Amino acid sequence: MAQSTLDSGAVEADHGRGDGGMKVITWNVNSIRMRLGRVRALLLRHRPDVLALQEVKVPAALFPAAEIEDLGYRAAVFGQAGRNGVALLSPHPLETVERGFPGDPVPEQARVIAATVEGVRVVDVYVVNGQAVGTPEYEIKLRWLEAFAEWLRAEHRPEEPLLLVGDFNVTPDDRDVHDPERWRGRNLCSGPERERLRALLDWGLIDLLRLRQAGPGPFTWWDYREGAFHRGWGLRLDLALGTRPVAERCLEVTVDRDERRPTSGEGKPSDHAPVIVVLR
DNA sequence: ATGTCACTTTACAAGTGA
């Protein structure tokens, strides 16, 4: 049963185009169990070729794989009980799945999963949050970004088709902040973390959303507190970064803000909105 | 700075992390 639905899903995900195009969505769901209804609706609405999830907050054994398979998707999960956890969903084969990376300063935390889908290496990251500048957690965040960049440089080449997506917990620059003065120097917007992200880009990655949208905005995350979404107090923390071969195929990048709305969809929203990347 | 949310523990509340 599962196999036949997987086959039909693969056909639908291509939108009948048969043109080698590819739709990749990244979404920090803040618990897959709480968000299953919305994830299901997103898969049916967009039929992405890849859905990269962060903060699934379950060990792999408790990931709702059967519900996902019923929609024609396979899941590769790097899970963790209660915190973190990343997963890649696709109707296509997920080849050469890699969980974590050598040199991770916090290897007990599930933050990176990678797989090759339709010839594109998709790397899904959930970067250390960092809590606040000056805390030990912030120092770990900087070290983590350095170690991840070192691994990327060692294992990959900028000439490869590689798409790095996820929740980076860093705003690339002030255009990604609703009120740059209010956020100046604080965690998610501070200089040192932006320098680490910049180093990653300098290796050979392009911020795909900025190819066609100069900003300021759009944002992808709004705090649950203080009615931040309603007041427009957002940040862009969720990014899609591509090597040149991927950037050349990029048609558009959009943010599905409706998913952050409390009144739309099944159950409560995540504090992050999905980012949708379309490649030709 | 914090008006929320989801998780955990030994659970019928409080602490943690985001």
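Because the structure is a prediction, the values reported are computed rather than measured. Labels below follow one simple rule: chain letters A, B, ... track the order of the sequence lines, proteins then strands, and each chain is numbered from 1.
Whole-Å rounding puts the A:Asp238 CG to B:dA18 P distance at 15 Å. The separation between A:Gln54 atom CD and B:dA18 atom P is 14 Å, rounded to whole Å. The distance between atom NE2 of A:His272 and atom C1' of B:dG17, rounded to the nearest whole Å, is 12 Å. Put simply, CZ on A:Phe229 is 23 Å from P on B:dA18, counting in whole angstrom units. A:Tyr138 has its OH atom 18 Å from the C1' atom of B:dG17, to the nearest Å. Atom CG of A:Asn129 is separated from atom P of B:dT2 by 18 Å (rounded to the nearest Å).
For A:His92 and A:Asp49, the side-chain atoms include at least one donor-acceptor pair closer than 3.5 Å. Checked by atom type, the side-chain pair A:Ser270/A:Glu55 shows no donor-acceptor distance below 3.5 Å.
A salt bridge links A:Arg45 to A:Asp256: one of the charged nitrogens lies within less than 4.0 Å of a carboxylate oxygen. Taking the charged nitrogens against the carboxylate oxygens, A:Arg194 and A:Asp176 have no contact shorter than 4.0 Å, which rules out a salt bridge.
Backbone-only contact: A:Tyr126 has heavy atoms under 4.0 Å from sugar-phosphate atoms and none from a base.
The separation of B:dC7 from B:dT2, taken at their P atoms, amounts to 26 Å, rounded to a whole angstrom. Here, B:dG15 and B:dT10 have their C1' atoms 14 Å apart, quoted to the whole Å. With both ends at atom P, the span from B:dA11 to B:dA6 equals 23 Å, rounded to whole Å.
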Detail all sub-3.5 Å separations between protein N/O atoms and N/O atoms belonging to nucleotides 4-8 of chain B.
unit_1, atom_1, unit_2, atom_2, d
B:dT4, O4', A:Tyr224, O, 3.2
B:dA6, OP1, A:Arg35, NH1, 3.1
B:dA6, OP1, A:Arg35, NH2, 3.1
B:dC7, OP1, A:Ser31, OG, 2.6

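In this pair, A:Phe148 and A:Trp151 present their aromatic rings tilted. The plane angle is within the 30 to 60° band.
For the pair A:Arg182 and A:Trp233, the distance from NZ or CZ to the six-membered ring centre is under 6.0 Å and the angle to the ring normal is within 45 degrees.
Between A:Trp183 and A:Gly130, it is A:Trp183 whose nearest contact on DNA chain B lies nearer the 5' terminus.
In summary, the aromatic rings of A:Trp221 and A:Phe229 are positioned with their centroids too far apart to meet the 6.0 Å limit.
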